[in-house]
Amino acid sequence: MTVEPEKYPNDHDLHKRLDELEHVVSQLQAQLHTVLDRLDASEQTNLIQSRPAPSREQRKTAVSQPPSPRVKQELSEPKPYLQGDFWLNKIGIALILFALAFLFKFAIDQGWLTPTVRVVIGLVLGTTLLLFGLRLHSKRRAFAVVLLGGSMASYYITGFAAFQLYELVSFLVAFSFMIVVSLLTFSLSIRQDEAILALIGTLGGFATPFLLYTGGSNVPGLIFYTCILMVGTVAIYFYKGWRVLLWGATLLGWIVLWVGLDAAVSRTAVSADKWAVQVGLVLAWLAFWGVPILRQVLMRNGTSKLSPLTVGLGDRYLPQFMKQWAGFDLHVYAITAVFLLLLSTIPLWNLEQTEAGWLFAGFALLYGLIAFTLYWLSSLRNLGITHAIAATLLLTFAFLILLDDEILLLALTAEVIIWQFFNTRLKNKWVTAGVHFFSGIVAFWMLVRLTTGETTSKNTAVRVATDLVVIISYASIALVWLPLVAKRLYLLAVHIAILLFFWRELSDLTNGQGLVSVAWGVYAITLLIIGLRYRINECRLAGLTTLFILVAKLFLIDLSEVKAIWRILLFFGFGGAFMLLSYFYQMLWRSNTPTIPEEPIPKT
């Protein structure tokens with residue numbers, strides 16, 4: 001039996017296979033580079049994590065092989081905004097537009113160009129830039145985008161000049177031309193996949209009514225046009241995921257709506273203008289809040305084929321922290337959109353205070369239900385929390401409008417208790433900061449109320465009961481739910497509130513300052529005994545500090561404001577109390593000290 005020797009490929013075959021392999025790898029790298037350009041940071045992370053771990057042999061091979069020339073070139077290539085051509089083409093197109101304006105002015109001064117010729121030149125320039133931009137887009141994308149943007153700007157300027165400056169065309173013709181330019185800009189942005197073109201179309205579209213303003217007042221027409229434009233821009237955002245487009249549309253859309261609102265408010269009778277503005281406000285709320293939330297829900301469910309969310313301008317070169325903060329816009333929309341809607345609706349219809357309060361309460365209920373729904377979708381819990389915050393703010397506004405002094409304070413305290421409870425479950429640092437901030441505002445109002453005595457209630461029992469409920473609530477929150485540092489701060493505020501409470505309620509009575517001193521002394525001694533007996537250092541220090549403050553009060557205030565007999569009794573009483581405390585201090589401190597049993601001495 002003969003065994004044939006194993007055949008090995010010669011050197012020529014090996015070199016040929018290596019060349020083919022390098023060619024295939026370079027093509028795959030180019031395709032991967034294109035795909036990664038269209039993905040945001042989160043998608044890239046998921047893609048990297050989903051790859052299988054390389055084997056030991058693959059790792060050795062990867063380490064042993066030097067990077068290809070293409071990879072070296074990409075690693076050493078500077079970012080576009082650090083290259084000269086990134087700024088040269090943009091500065092160049094700006095200089096060309098300025099030169100065109102200067103040329104027009106010079107030609108007009110010399111009488112060379114008639115208005116018709118000037119408009120034709122503007123159209124020819126815009127068309128030339130458009131054709132060159134389309135032709136160069138596949139080869140020089142960044143340069144082509146500058147040409148396309150300059151083309152659309154030329155068209156907008158030409159339309160404005162033909163109507164406003166030269167009066168060559170009617171309003172209908174100029175308005176139709178502007179609409180065609182906006183539609184062309186949006187279609188180019190989708191076709192060329194360029195968010196900056198969509199942003200130019202958005203700016204030009206919203207500016208069109210003002211560029212072609214004739215002095216008339218057609219509020220329904222303005223709002224109808226604005227609504228169509230908002231729907232179009234939001235539809236492009238929904239399809240492409242360009243955040244910068246939504247930001248621009250939100251800003252410009254609300255500005256135009258407020259212009260219509262100002263015109264409608266000036267009319268006393270309920271007219272079509274007010275209803276048109278109201279429809280526009282509701283549509284803006286749905287477009288700039290509901291559509292982004294709906295898109296996020298569809299994206300998180302994994303059933304949608306929508307493009308991932310991107311900023312739309314320079315995503316590839318943005319730092320990671322800027323990409324993360326860019327996603328914060330959904331939370332901003334969740335809170336601001338509804339307030340813009342309500343704060344615009346109230347002056348539009350000149351609502352009464354009670355009507356406005358119930359309007360806020362109704363939207364608070366709506367947002368609470370939405371928050372509950374989003375929170376139980378595990379992938380959207382942060383948005384659920386944001387909507388819960390929005391519901392709380394809406395409810396707080398309703399309370400501020402509908403309720404008065406004591407009832408308002410109790411309602412806000414109830415909100416504090418509820419959020420402190422949820423904060424122990426959510427364990428979110430931003431929620432924690434917000435809850436403490438809101439609790440601090442309510443506590444500050446309580447301290448001001450105790451200091452100044454400002455209250456609309458004439459019933460002493462109601463006032464005292466309200467203050468005690470708030471003080472006990474804050475003390476309970478601190479003792480039950482808060483960590484050590486926050487607990488100490490809350491208890492310090494409670495301690496100050498108790499002292500101010502005694503001052504406010506007792507100082508106006510006969511010999512009031514003496515009664516305040518007695519109340520402070522009893523309270524301080526109680527704290528000191530509890531701190532010593534149960535070894536609670538915070539109570540012990542609070543009691544001692546209060547006693548020292550009491551001594552200062554005896555000399556600074558009580559000597560001049562308290563009658564002689566009361567002054568004698570106060571000094572005798574507190575002097576004796578201090579002596580007794582000094583005598584029993586160590587006994588109380590040691591009585592709770594654990595004793596260590598002595599070990600028996602071993603017998604020798």
Side-chain angles (χ1 to χ4, degrees), residues 155-156 159-160 162-164 167 169-187 198-238 245-292 333 336-352 355-356 359 362-363 366:
Y155 283 144
Y156 280 119
F160 165 74
F163 176 75
Q164 289 285 21
E167 299 180 356
V169 296
S170 64
F171 174 81
L172 182 60
V173 173
F175 187 71
S176 301
F177 175 77
M178 291 292 209
I179 291 178
V180 171
V181 174
S182 298
L183 292 175
L184 176 61
T185 309
F186 287 133
S187 62
L199 194 60
I200 293 174
T202 302
L203 178 60
F206 280 107
T208 293
F210 304 98
L211 294 175
L212 305 181
Y213 181 64
T214 59
S217 179
N218 184 8
V219 175
L222 174 65
I223 300 302
F224 179 72
Y225 170 78
T226 303
C227 290
I228 293 177
L229 196 55
M230 287 191 298
V231 171
T233 53
V234 169
I236 297 175
Y237 161 78
F238 189 84
L245 176 61
L246 186 63
W247 298 343
T250 302
L251 176 62
L252 297 174
W254 281 109
I255 290 176
V256 176
L257 289 174
W258 287 332
V259 172
L261 172 66
D262 181 67
V265 168
S266 61
R267 305 187 181 187
T268 56
V270 176
S271 61
D273 295 355
K274 291 188 176 182
W275 282 110
V277 173
Q278 186 62 67
V279 171
L281 293 173
V282 173
L283 183 62
W285 169 60
L286 293 175
F288 302 135
W289 161 75
V291 172
Y333 292 137
T336 57
V338 64
F339 278 96
L340 292 175
L341 169 65
L342 297 180
L343 295 178
S344 301
T345 300
I346 292 172
L348 176 64
W349 301 102
N350 195 20
L351 297 181
E352 298 292 335
E355 296 172 336
L359 185 62
F363 272 88
L366 173 62

J.: Taking all non-hydrogen atoms of both residues into account, name the closest pair between Cys227 and Leu283 and its distance.
T.: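 It is CB-CD2, 3.3 Å.
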
J.: Only pairs at least two apart or in different chains count here, so list each ring pair (Phe, Tyr, Trp, His ring centres under 6.0 Å) that has a residue in residues 210-229.
T.: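 Listed by first then second residue: Phe175-Tyr225.
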
J.: Can you give me the closest heavy-atom contact between Gly205 and Ser182, atom names plus distance?
T.: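 Minimum heavy-atom contact is CA-OG, 3.7 Å.
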
J.: Under 3.5 Å, which donor-acceptor pairs link side chains of residues 336-348 to any protein atom two or more places apart or in another chain?
T.:
unit_1 : atom_1 : unit_2 : atom_2 : d
Thr336 : OG1    : Val332 : O      : 2.7
Ser344 : OG     : Trp258 : NE1    : 3.1
Ser344 : OG     : Leu340 : O      : 2.7
Thr345 : OG1    : Gln278 : NE2    : 3.4
Thr345 : OG1    : Leu341 : O      : 2.7

J.: So, do Leu286 and Val282 sit near enough that their side-chain heavy atoms are less than 4.5 Å apart?
T.: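 The answer is yes, as the side chains (C-beta and beyond) meet within the 4.5 Å cut-off.
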
J.: What verdict does the ring pair (Phe, Tyr, Trp, His ring centres under 6.0 Å) test give for Trp285 and Tyr333, after you've listed the backbone C-alpha separation in whole Å, the side-chain angles of each residue and the deciding distance to 0.1 Å?
T.: CA-CA 9 Å; Trp285 169 60; Tyr333 292 137; over 10 Å; no

J.: For side-chain hydrogen bond (donor to acceptor under 3.5 Å, both in side chains), just list the numbers for Tyr156 and Thr208, CA-CA rounded to whole Å, side-chain angles, deciding distance to a tenth of an Å, and then say yes or no.
T.: CA-CA 9 Å; Tyr156 280 119; Thr208 293; 5.6 Å; no

J.: Check whether any side-chain heavy atom of Leu246 lies under 4.5 Å from a side-chain heavy atom of Pro292, and answer yes or no.
T.: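 Side chain of Leu246 against side chain of Pro292, heavy atoms only: contact under 4.5 Å found.
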
J.: In the structure I gave you, are the side-chain heavy atoms of Ile236 and Leu245 within less than 4.5 Å of one another anywhere?
T.: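 Yes, at least one pair of side-chain atoms sits under 4.5 Å.
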
J.: Once you round to the nearest 0.5 Å, how far does CD1 of Ile228 lie from OG1 of Thr233?
T.: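 Output value for this atom pair is 12.0 Å.
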
J.: Going through the distances and angles, do Ile223 and Val279 end up as a side chain to side chain contact (heavy atoms under 4.5 Å, CB included)?
T.: CA-CA 8 Å; Ile223 300 302; Val279 171; 5.7 Å; no

J.: So, for Gly280 and Leu257, which heavy atoms are closest and what is the spacing to 0.1 Å?
T.: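 Answer, listing the atom of Gly280 first, then Leu257: O-CD1, 3.6 Å.
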
J.: Check the pair Trp254, Met230 against side chain to side chain contact (heavy atoms under 4.5 Å, CB included), reporting the backbone distance first and the verdict last.
T.: CA-CA 10 Å; Trp254 281 109; Met230 287 191 298; over 6 Å; no

J.: Yes or no on side chain to side chain contact (heavy atoms under 4.5 Å, CB included) for Thr202 and Phe186, after CA distance, side-chain angles and deciding distance?
T.: CA-CA 8 Å; Thr202 302; Phe186 287 133; 3.6 Å; yes

J.: So which heavy atom on Leu212 is nearest to which on Gly159, and how close?
T.: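 The answer is CD2-O, 4.4 Å.
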
J.: Checking side-chain polar atoms at under 3.5 Å, does Tyr155 have a donor or acceptor matched by the opposite partner on Thr185?
T.: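 There is no such pair (donor and acceptor under 3.5 Å, judged by atom type) between the side chains of Tyr155 and Thr185.
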
J.: Ring pair (Phe, Tyr, Trp, His ring centres under 6.0 Å), that's the test. Do Trp349 and Trp275 meet it? Break it down for me.
T.: CA-CA 10 Å; Trp349 301 102; Trp275 282 110; 4.8 Å; yes

J.: Would you mind telling me which of Asn218, Thr226, Val219 makes a side chain to side chain contact (heavy atoms under 4.5 Å, CB included) with Leu222?
T.: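 Testing Leu222 for a side chain to side chain contact (heavy atoms under 4.5 Å, CB included) against Asn218, Thr226, Val219 leaves exactly one candidate, Thr226.
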
J.: Please determine whether side chain to side chain contact (heavy atoms under 4.5 Å, CB included) holds for the pair Leu211 and Phe163, giving the CA-CA distance in whole Å, both sets of side-chain angles, and the decisive distance to 0.1 Å.
T.: CA-CA 9 Å; Leu211 294 175; Phe163 176 75; over 6 Å; no

